[in-house]
Amino acid sequence: MKKMLEFKAHDGEIEDIALGPDNKVVTAGRDFQCCVWQQDQLVTGLRWHENLPGIPDKAYRYQACRDSGTFLGLGTVTGSVAIHIAFSLQVSWGGGVGQPRCPPAGLSPPCPPQRLYYVKEAHGIVVTDVAFVPESQPGRELLGGHEAALLSVAVDSRCKLHLLPTRRSLPVWLLLLLCAGLIVATILLLQLAFPGFL
């Protein structure tokens, strides 16, 4: 076996490491961070106190992580489970040791990605692993009408299935129709306010 890459990913021990699509690596460490890496370059990171403000970070940390390419699944020491949008993790905030993992407070775009799903203490104790249901035929049958499914396993000897409901969006034709209606309404209001406008 030949070592391909070595770099400092966390301050302290690494709790979990997962290979994602596009040669990305996701790590969860005892430093209360979950990071997404491309080679040795930090793509982005989540810090517990920024992701879930108001919850003391000394008692909580990320324990398990998985990247499906579309979603990032996380499990915590307290048994909580979350799903984030992975493509909102494409902001780069530093590439190596000593560089900031997240932007200073107040800068945008914010470091934490958009969270779509969160269940506080889904398990009574530490989530030891999470895994997305694959998009194979049996996986699609399990998903039903949901966008994604995440399995979580914990020290409580339970495996739970977390279903992410399909996000609703407007069809493109309806959006175009609404825009056209808005333009017509604006022209009519301008004609009413300023006779002889057209």
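For the numbers below, each heavy atom of this structure counts, side chains included, while hydrogens, waters and symmetry mates do not. Worth saying up front: this structure is predicted, and the values here are computed from it rather than measured.
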**Student:** In Å, rounded to the nearest 0.5 Å, how long is the span from CZ of Arg158 to CD1 of Ile125?
**Tutor:**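 If we round to the nearest 0.5 Å, Arg158:CZ and Ile125:CD1 are 12.0 Å apart.
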**Student:** Do Ile85 and Leu116 make a side-chain contact, defined as non-hydrogen atoms from C-beta onward lying under 4.5 Å apart?
**Tutor:**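 Heavy-atom side-chain distance check passes, below 4.5 Å.
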**Student:** Can you tell if the side chain of Asp129 reaches within under 4.5 Å of the side chain of Arg66, non-hydrogen atoms only?
**Tutor:**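 Yes, their side chains come closer than 4.5 Å.
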**Student:** Atom CG of Leu74 and atom CG of Asp67: how far apart are they, to the nearest 0.5 Å?
**Tutor:**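 Those atoms lie 10.0 Å apart.
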**Student:** For residues Val127 and Ser152, report the shortest heavy-atom separation together with the two atoms involved.
**Tutor:**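 For Val127 versus Ser152, the nearest heavy atoms are CG1-CB, 4.3 Å.
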**Student:** Quick one: side chain to side chain donor-acceptor pair (under 3.5 Å) partners of Thr27, sequence neighbours excluded?
**Tutor:**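 Partners of Thr27 by the side chain to side chain donor-acceptor pair (under 3.5 Å) criterion, ordered by chain and then number, come out as His10, Trp37.
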**Student:** Given Val26, which partner from the list Leu72, Val43, Asp16 fulfils the side chain to side chain contact (heavy atoms under 4.5 Å, CB included) test?
**Tutor:**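 Only one option passes, and that is Leu72.
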**Student:** How long is the straight-line distance from CD of Gln63 back to CZ of Arg30, given to the nearest 0.5 Å?
**Tutor:**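 Nearest 0.5 Å value for the CZ-CD distance: 7.0 Å.
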**Student:** Determine the minimum heavy-atom distance between Cys34 and Cys65, stating which atoms define it.
**Tutor:**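 Taking Cys34 first and Cys65 second, the nearest heavy atoms are SG-CB, 4.1 Å.
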**Student:** Can you tell me how far apart NZ (Lys8) and CG (Asp40) are? Round to the nearest 0.5 Å.
**Tutor:**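 CG of Asp40 is found 14.5 Å from NZ of Lys8.
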**Student:** What closest approach, in Å, do Ala122 and Val81 show between heavy atoms, and which atom pair accounts for it?
**Tutor:**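 That closest heavy-atom pairing would be CB-CG2, 4.1 Å.
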**Student:** Has the side chain of Thr78 got a donor or acceptor atom that lies under 3.5 Å from a matching backbone atom of Glu121?
**Tutor:**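 Such a contact is absent between Thr78 side chain and Glu121 backbone.
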**Student:** Output all residues satisfying side chain to side chain donor-acceptor pair (under 3.5 Å) with Arg140, sequence neighbours left out; order by chain, then residue number.
**Tutor:**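 For Arg140, the residues satisfying side chain to side chain donor-acceptor pair (under 3.5 Å) (neighbours in sequence not counted) are Gln137.
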**Student:** If you look only at pairs with a residue in residues 126-161, which of them pass as a ring pair (Phe, Tyr, Trp, His ring centres under 6.0 Å), with sequence neighbours excluded?
**Tutor:**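 As it turns out, there is no ring pair (Phe, Tyr, Trp, His ring centres under 6.0 Å) pair with a partner in residues 126-161 once direct neighbours are skipped.
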**Student:** Run through the side-chain heavy atoms of Ile, Leu, Val, Met, Phe, Trp and Tyr, join any pair under 4.5 Å, and report what else lands in Leu151's cluster.
**Tutor:**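 Val133, Leu142, Leu161, Leu163, which link up through side-chain heavy atoms under 4.5 Å apart, make up the rest of the cluster.
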**Student:** So how far is it from Gln33 CD to Ile14 CD1, rounded to the nearest 0.5 Å?
**Tutor:**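 Rounded to the nearest 0.5 Å, the CD-CD1 separation comes out at 11.5 Å.
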**Student:** Does any part of the side chain of Leu150, heavy atoms only, come nearer than 4.5 Å to the side chain of Leu164, both counted from C-beta?
**Tutor:**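 They are not in side-chain contact.
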**Student:** Closest heavy-atom contact between Val130 and Gly75?
**Tutor:**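 Heavy atoms of Val130 and Gly75 come nearest at CG1-N, 4.1 Å.
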**Student:** Through direct or indirect side-chain contacts below 4.5 angstrom among Ile, Leu, Val, Met, Phe, Trp and Tyr, which residues connect to Leu176?
**Tutor:**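 ILVMFWY cluster around Leu176 also holds Val172.
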**Student:** If you link I, L, V, M, F, W and Y whenever their side-chain heavy atoms are under 4.5 Å apart, who else ends up in the same group as Val184?
**Tutor:**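 Leu188, listed by chain and number.
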